Amino acid sequence: MRVSFYAPLKPPTSPSPSGDRRMARLLMRAIAGAGHHVVLGSRLRTFDGSGDAEAQTQFKIESERQVAGLLDAYAKETVPAPELWFTYHLYHKAPDWIGPAVAKALSIPYVVSEASVAPKQAGGPWDMGHRAVLRALHQADLVIGFNDIDAVCVSDVLSGSQRYERLPPFVDIEPYTDAAANRSTYRAMAAGQYGLPTGVPWLMTVAMMRPGDKTRSYRLLSDTLGELQDEAWHLLVVGDGTNRREIRDAFAPIGDRVHWLGQLDTDGLPGLYAAADIYVWPALNEAYGMSFLEAQSSGLPVIAGNDGGVPGVVHAPEAGILVATGDTHAFATAVRSLLHNPDSRRAIGTAAQSRMRDEHSLFAASRTLDRLLHDVREKHPLCA
């Protein structure tokens with residue numbers, strides 16, 4: 001099947017790394033891995049972070065121009081027409097004005113992955129984007145969600161004939177499982193590179209240093225580790241951002257046991273996960289957390305806050321530990337228990353790695369997407 005893929009929040013070709021760009025690329029790989037021919041329908045980014053009505057209008061106008069260009073190319077057969085349109089991640093700040101128009105003109109299925117609806121945006125600065133999201137969802141033949149957070153509001157705007165299906169968040173697990181098989185090598189490399197003692201457990205976290213929930217999560221982690229000063233551990237922090245100074249200041253009382261590694265590229269992460277012992281992150285208001293998938297694919301036990309979409313990827317208690325949101329004492333107790341019990345660390349990490357392989361791998365996602373896309377194509381009234 002020929003599939004046109006579009007990510008209005010951030011195109012997969014963007015030079016700026018982020019979770020959205022990575023998930024867009026993974027979705028394209030998963031669809032292609034199922035045997036479909038995937039092309040990028042548009043690189044237009046419709047994100048407006050300031051609520052600027054004029055900017056939103058210009059995005060809409062440019063979208064309409066691109067729709068006309070695409071339909072002309074399809075009519076002239078200079079570009080093969082898609083048999084299905086797939087849009088990833090639309091919400092009021094980054095609506096999709098292209099996919100619905102193309103799908104309607106070509107009478108092909110329109111599929112949306114990871115959509116959110118915020119009723120409070122009606123009449124506000126992003127009202128135009130909010131209404132565009134509602135129109136797109138009203139037309140969608142299938143909406144695919146990665147977590148249960150968005151499901152309620154999205155399902156409320158779908159009609160009885162429309163489908164909402166859940167796809168477990170996923171990652172390409174192979175680089176992480178491969179690195180985990182060479183743990184001793186990567187641990188020795190990390191010890192030499194960052195000056196880490198090999199005889200104590202290494203905690204690890206990977207998160208951007210942005211204002212809001214990320215910074216609050218870092219502060220919770222700092223408070224948690226403050227209760228564990230009597231224990232032997234070192235913390236590896238991977239990430240960077242505009243709030244780096246504020247976050248580093250929050251960890252100052254802990255001293256030199258925190259190692260700031262900065263932003264690392266994707267290729268550098270598997271070896272670091274393999275070298276660590278426990279993954280820790282309070283995860284305030286987290287959609288699901290790509291780093292949780294990476295850590296568990298590496299065989300690390302995860303301790304996280306029981307918030308947002310995290311329970312959908314950290315399968316406690318056998319494959320992870322979840323604590324009440326914001327409860328630093330409970331978090332510290334969980335960390336302390338694993339610091340003293342390497343057998344539990346290994347058992348939880350092994351269970352987590354197995355769960356990732358079965359439910360959250362690129363292969364598992366390809367299999368699920370293939371079934372969903374074939375089904376929606378077969379049931380589309382003008383394609384059946």
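Given the structure is predicted, the values throughout are model-derived calculations rather than measurements.
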*Check Ala364 against Asp358 and note the closest heavy-atom contact, atom names and distance.*
CB-O, 3.8 Å
*Supply the atom-to-atom distance Gln193 CD to His259 NE2, rounded to the nearest 0.5 angstrom.*
12.5 Å
*Has the side chain of Gln162 got a donor or acceptor atom that lies under 3.5 Å from a matching backbone atom of Ala140?*
yes
_Using only atom types and a distance under 3.5 Å, with no angle test, would you say the side chain of Ser217 pairs donor to acceptor with the backbone of Leu284?_
yes
_Reference residue Lys60; test side chain to side chain donor-acceptor pair (under 3.5 Å); the match among Glu64, Gln56, Gln58_ = Glu64
*Side-chain heavy-atom pair Leu90, Leu9 within 4.5 angstrom cut-off*: no
*What do the steps show when you test Glu62 against Thr46 for side chain to side chain contact (heavy atoms under 4.5 Å, CB included), and what is the final call?*
CA-CA 9 Å; Glu62 175 58 21; Thr46 64; over 6 Å; no
*Lys/Arg-Asp/Glu bridge criterion (N-O < 4.0 Å) met for Asp370, Arg367*: no
*Are Tyr74 and Ser4 side-chain neighbours, meaning at least one heavy-atom pair lies under 4.5 Å?*
yes
*Check: Ser298 side chain, Leu300 main-chain N or O, donor-acceptor pair, under 3.5 Å*: no
_Side-chain (Asn341) to main-chain (Ser344) donor-acceptor, under 3.5 angstrom_ = yes
*Where the side chain of Arg187 meets the backbone of Thr198, is there a donor-acceptor pair that is under 3.5 Å apart?*
yes
*Is it true that Leu339 and Leu221 fall in one hydrophobic cluster, defined by side-chain heavy atoms closer than 4.5 Å?*
yes
*Kindly determine whether Leu142 and Val112 satisfy side chain to side chain contact (heavy atoms under 4.5 Å, CB included), including the steps that lead there.*
CA-CA 6 Å; Leu142 170 66; Val112 171; over 6 Å; no
*Walk me through it: do Ser159 and His138 pass the test side chain to side chain contact (heavy atoms under 4.5 Å, CB included)?*
CA-CA 7 Å; Ser159 69; His138 288 155; over 6 Å; no
*asked:* If you apply the rule salt bridge (charged side-chain N to carboxylate O under 4.0 Å, His left out), what do you find for Asp223 with Arg219, and how did you get there?
replied: CA-CA 6 Å; Asp223 293 342; Arg219 287 190 171 279; over 6 Å; no
_Counting C-beta onward and ignoring hydrogens, is there a side-chain heavy-atom pair between Leu70 and Val79 closer than 4.5 Å?_
no
*Provide the closest heavy-atom pair for Thr242 versus Pro211 in the form atom of the first, atom of the second, distance.*
OG1-CD, 3.6 Å
_Can a donor-acceptor pair be found, under 3.5 Å and without considering hydrogens, that links the side chain of Arg336 to the backbone of Glu227?_
yes
*How is the hydrophobic cluster of Phe59 composed, in terms of its other members, when Ile, Leu, Val, Met, Phe, Trp and Tyr link through side-chain heavy atoms under 4.5 Å apart, directly or indirectly?*
Trp97, Met128
*asked:* Let me confirm one number: the OH-OG1 distance from Tyr273 to Thr177, rounded to the nearest 0.5 Å.
replied: 14.0 Å
*Say you draw a straight line from OG of Ser116 to NE2 of His89; how long is it, rounded to the nearest 0.5 Å?*
5.5 Å
*Shared hydrophobic cluster, Met356 / Phe363 (ILVMFWY, side-chain heavy atoms < 4.5 Å)*: no
*Compare every heavy atom of Leu44 with every heavy atom of Ser63, then report the nearest pair and how far apart it is.*
OG-CD2, 3.3 Å
*Using a side-chain heavy atom cutoff under 4.5 Å and only I, L, V, M, F, W and Y, what cluster partners does Trp126 have?*
none
_Could you check whether any side-chain N or O of Arg166 sits under 3.5 Å from a backbone N or O of Gly145, counting only pairs where one atom can act as donor and the other as acceptor?_
no
*Are any side-chain N or O atoms of Asp141 and backbone N or O atoms of Tyr110, one a donor and one an acceptor, separated by less than 3.5 Å?*
yes
*Could you walk me through whether His37 and Met1 pass the side chain to side chain contact (heavy atoms under 4.5 Å, CB included) test, one step at a time?*
CA-CA 6 Å; His37 180 64; Met1 189 188 311; over 6 Å; no
*Report yes if some heavy atom in the side chain of Val39 is under 4.5 Å from a heavy atom in the side chain of Pro82; otherwise report no.*
no
*Check whether Leu220 and Ile278 end up in the same hydrophobic cluster, where Ile, Leu, Val, Met, Phe, Trp and Tyr are linked by side-chain heavy atoms less than 4.5 Å apart.*
no
*Side-chain contact, heavy-atom cut-off 4.5 Å: Phe170 with Thr368?*
no
*Quick one: CD1 on Ile321 to OG1 on Thr333, what's the gap to the nearest 0.5 Å?*
10.5 Å
_Ser291 versus Tyr279, closest heavy-atom pair with distance_ = OG-OH, 2.8 Å
*Side chain of Ser14, backbone of Pro11: donor and acceptor closer than 3.5 Å?*
no
*Got Arg29 and Asp172 here, is their nearest side-chain heavy-atom distance under 4.5 Å?*
yes
*Looking only at non-hydrogen atoms, find the nearest pair between Gln353 and Ala180 and report the distance.*
NE2-CB, 4.0 Å
_Between Lys379 and Asp375 (salt bridge meaning N to carboxylate O under 4.0 Å), is one present in this structure?_
yes
*asked:* If you count every heavy atom of other residues, nucleotides or ligands that lies below 6.0 Å from His329 atom NE2, does the total exceed 12?
replied: no
*In terms of heavy-atom contacts, does CZ of Arg45 have more than 12 from other residues, nucleotides or ligands at under 6.0 Å?*
yes
*Can you find a heavy atom in the side chain of Leu369 that is under 4.5 Å from one in the side chain of Phe86?*
yes
_Closest contact, heavy atoms only, Ala334 versus Ser337_ = O-OG, 2.6 Å
*Heavy-atom check, side chain of Thr215 versus side chain of Met209, under 4.5 Å*: no
*asked:* Is it the case that atom CG in Asp256 sees more than 12 heavy atoms from other parts of the structure closer than 6.0 Å?
replied: no
*Anything under 30° is parallel, anything over 60° is perpendicular, the rest tilted; go ahead and classify Tyr88 against Phe146.*
tilted
*May I ask whether Met189 and Leu264 are part of the same hydrophobic cluster, defined by side-chain heavy atoms of I, L, V, M, F, W, Y residues being less than 4.5 angstrom apart, directly or through others?*
no
*Look only at the side chain of Asn182 and the backbone of Asp178, and say whether a donor-acceptor pair between them is shorter than 3.5 Å.*
yes
*Between Phe5 and Trp85, does the ring centroid distance fall short of 6.0 Å?*
no
*Check the hydrophobic clustering (I, L, V, M, F, W, Y; side-chain heavy atoms under 4.5 Å; chains of links allowed) and say if Val111 and Leu167 are grouped together.*
yes
*Looking at Glu231 and Arg257, does any basic side-chain N land under 4.0 Å from a carboxylate oxygen?*
no
_Spacing of CG belonging to Leu373 relative to CD belonging to Glu83, to within rounding of 0.5 Å_ = 11.5 Å
_Between Tyr194 and Trp260, is the ring centroid distance below 6.0 Å?_
no
*Is any side-chain N of the basic residue among Asp277 and Arg183 closer than 4.0 Å to the acidic one's carboxylate O?*
yes
*Measuring from Leu228:CG to Leu235:CG, what's the distance to the nearest 0.5 Å?*
11.0 Å
_For Arg131 and Asp127: C-alpha separation, side-chain torsions, deciding distance, then whether salt bridge (charged side-chain N to carboxylate O under 4.0 Å, His left out) applies._
CA-CA 6 Å; Arg131 287 185 284 111; Asp127 181 68; 2.6 Å; yes
